[in-house]
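The analysis underlying the following values was restricted to heavy atoms, covering all of them including side chains, and did not include hydrogens, waters or symmetry mates.
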Amino acid sequence: MADLDQWGQSEVLAFLLRYRPRSEEELFNILSLLDGYLKSSSPSVVMAATKLFLVLAREYPHVQADVLVRVKGPLLAACTSESRELCFTALCHVRQILSSLPGHFSSHYKKFFCSYSEPHYIKCQKMEVLCELVNDENVQQVLEELKGYCTDISVELAQGAISAIGSIARTYTEQCVGILTELLGLQQEHITSAVVQAFRDLVWLCPQCTDAVCQALPGCEDIIQDSEGKQALIWLLGAHGEKVPNAPYVLEDFVENVKTEVFPAVKMELLTALVRLFLSRPAECQDMLGRLLYHCIEEEKDMSVRDRGLFYYRLLQSGVDEVKRVLCSPKSDPSLGLLEDQTEQPVNTWASEFNTLAPIYGKARWALVTAHQPGEPCYAFSPCTDSGNRGTGSLISEGSKEVLKVHPDTGSLTLIPDVALTAEQFEKTWLSLDISCQQSLPWVGTVHPDTIQTALHVVHIQTIAMSKAGVQPWKAYFTAQDDSGCLFLTELLLEAEDSGMQVAVKQSEAKPEALQAFMSVFRTAVGAVAGLRS
């Protein structure tokens with residue numbers, strides 16, 4: 001390998017991913033021989049070596065953690081590279097590492113400060129990283145840096161920085177609320193809108209800051225013009241209007257201008273806010289609430305706004321107690337963290353995706369990129385009845401149509417694209433049928449539900465229900481229908497990683513050839529993206 005250039009070394013390291021060490025001793029011998037490539041001057045070699053170490057040491061988390069510590073230097077160097085492409089790629093991988101090792105780069109947080117000449121997409125990535133690196137020692141410096149971005153000439157970047165401060169406020173509430181309140185003094189429309197949206201999210205997660213937020217709201221209504229900002233302000237006035245002295249009068253201005261309001265979402269938010277405020281300040285809200293309801297029911301052309309108005313009108317007719325029960329029901333405890341999952345992911349959940357495009361696209365988009373295949377809205381598949389002729393299977397293109405021919409001498413299976421089957425209908429049908437086919441498919445690695453769902457959707461196999469990634473045992477249910485009306489109901493069950501994937505199929509009609517063709521389609525689609533051994 002020493003005689004190869006950096007591209008050759010990268011290719012060899014990638015090729016070695018296919019090898020499975022036969023013993024622990026052999027594994028560590030391989031890692032020792034390749035140790036020097038973690039210090040290579042080539043970023044591509046370092047990344048390839050890192051992925052190889054992470055994959056081979058999947059059963060040794062302490063080795064994986066040590067490797068990630070050692071590549072911290074090369075990654076930081078790449079994050080400050082003059083090559084924008086390299087910098088962006090490195091930042092995406094840094095965020096991937098932080099999902100398993102929070103604070104891994106905290107001592108180097110200044111490396112992620114933005115420079116004036118950097119493009120917008122790199123600045124946004126750096127701000128995301130900074131939010132994850134904040135701790136008691138650097139919070140003041142990070143907030144001061146983000147505060148500077150809030151007045152950037154780019155509206156999108158400024159609002160992104162305000163959103164980042166709002167995220168940090170969930171942990172460091174007092175400092176962040178102070179900075180956000182300061183920004184309101186600038187009286188810039190896009191800044192005020194972003195701050196009010198941050199306040200709306202913050203008061204739900206951190207109720208202790210509600211008083212400070214309510215004191216900062218007066219005057220914002222004269223500046224905000226966009227839909228999202230108006231909705232956030234109206235929600236705050238409706239939910240906490242009893243703490244804002246002029247809340248009814250601000251909402252009255254919105255009611256007076258409701259005929260010229262162009263955003264239906266603002267009108268619906270205004271309805272909800274005014275009904276809620278009516279419960280705490282009825283004398284001040286009764287007249288304007290009646291006018292608003294009359295306009296929404298009798299004059300409004302948007303049907304969603306009209307329906308919302310009719311709903312509240314009929315709800316009010318049922319009595320104030322019923323309105324309170326609906327609108328003021330017990331809230332979830334924000335301390336439970338239901339809105340965000342802060343669980344650290346094991347390195348093995350993303351090790352196989354390291355040094356690929358997956359961290360750049362994101363899992364969901366990458367699944368679409370890798371699984372999507374253009375073709376006609378109908379796919380024809382021929383079943384295989386003679387194992388001796390399996391070598392004749394091929395994927396051929398006929399014009400703009402793709403046909404997977406497994407055996408040319410038998411009838412074909414055509415799956416229709418849309419199956420109108422609800423979860424309740426699926427369950428009822430599933431319980432009424434016997435299993436027609438049951439197989440165990442060899443499986444390697446972690447299940448990626450989004451990837452499997454997308455791959456099966458391409459061949460017109462629809463998802464009914466599916467467990468989340470990482471859950472054990474993992475289950476999924478699918479349905480498909482051929483052009484003759486025969487239903488194929490499928491259950492996937494994976495008890496543990498690297499164990500057999502159990503496949504159970506039920507048919508609404510006994511058609512052995514169609515069943516065999518369906519199993520061939522199913523295995524082909526899943527095996528193409530989800531780690532089935534060939």
(message) Under the rule for salt bridge (charged side-chain N to carboxylate O under 4.0 Å, His left out), what residues qualify as partners of D211, not counting sequence neighbours?
(response) K243
(request) Measure the shortest side-chain to side-chain distance between Q9 and S42 over non-hydrogen atoms and say whether it is less than 4.5 angstrom. (result) no
(request) Would you mind listing every salt bridge (charged side-chain N to carboxylate O under 4.0 Å, His left out) that reaches into residues 41-56, with sequence neighbours excluded? (result) none
(request) Using salt bridge (charged side-chain N to carboxylate O under 4.0 Å, His left out) as the criterion, list what pairs up with D35, not counting sequence neighbours. (result) R70
(message) Per the salt bridge (charged side-chain N to carboxylate O under 4.0 Å, His left out) rule, what does the pair list look like for residues 88-112, sequence neighbours excluded?
(response) R95-E128, R95-E132
(request) State which residues pass ring pair (Phe, Tyr, Trp, His ring centres under 6.0 Å) with Y109; sequence neighbours excluded, sorted by chain then number. (result) F113
(message) I need the minimum non-hydrogen distance between L180 and V195, along with the two atoms involved.
(response) O-CG1, 3.6 Å
(message) Distance check, rounded to the nearest 0.5 Å: S32 atom OG versus L27 atom CG?
(response) 9.0 Å
(message) Go through it in stages, so that I can follow the logic: the residues are T89 and E85, the test is side chain to side chain donor-acceptor pair (under 3.5 Å), and I'd like the CA-CA distance, side-chain angles, deciding distance and then a yes or no.
(response) CA-CA 6 Å; T89 302; E85 295 81 3; over 6 Å; no
(request) If a pair satisfies salt bridge (charged side-chain N to carboxylate O under 4.0 Å, His left out) and one of its residues is in residues 115-125, list it, with sequence neighbours excluded. (result) E118-K126
(request) Using a 4.5 Å cut-off on heavy atoms from C-beta on, say whether the side chain of I168 contacts that of V142. (result) yes
(request) With sequence neighbours excluded, give me every ring-ring contact (aromatic ring centres under 6.0 Å, His included) pair touching residues 62-95. (result) F88-Y121, H93-F354
(request) With sequence neighbours excluded, tell me which residues meet ring pair (Phe, Tyr, Trp, His ring centres under 6.0 Å) with F199. (result) none
(message) Test: ring-ring contact (aromatic ring centres under 6.0 Å, His included). Region: residues 134-181. Which pairs qualify, not counting sequence neighbours?
(response) none
(request) Only counting residues at least two apart or in another chain, list the ones meeting salt bridge (charged side-chain N to carboxylate O under 4.0 Å, His left out) with E491. (result) none
(message) What's the separation between atom CD in Q208 and atom CG in L202, rounded to the nearest 0.5 Å?
(response) 7.5 Å
(request) Output all residues satisfying salt bridge (charged side-chain N to carboxylate O under 4.0 Å, His left out) with E427, sequence neighbours left out; order by chain, then residue number. (result) none
(request) Please collect all ring-ring contact (aromatic ring centres under 6.0 Å, His included) contacts where either partner lies in residues 15-59, sequence neighbours excluded, each pair once. (result) F28-Y60
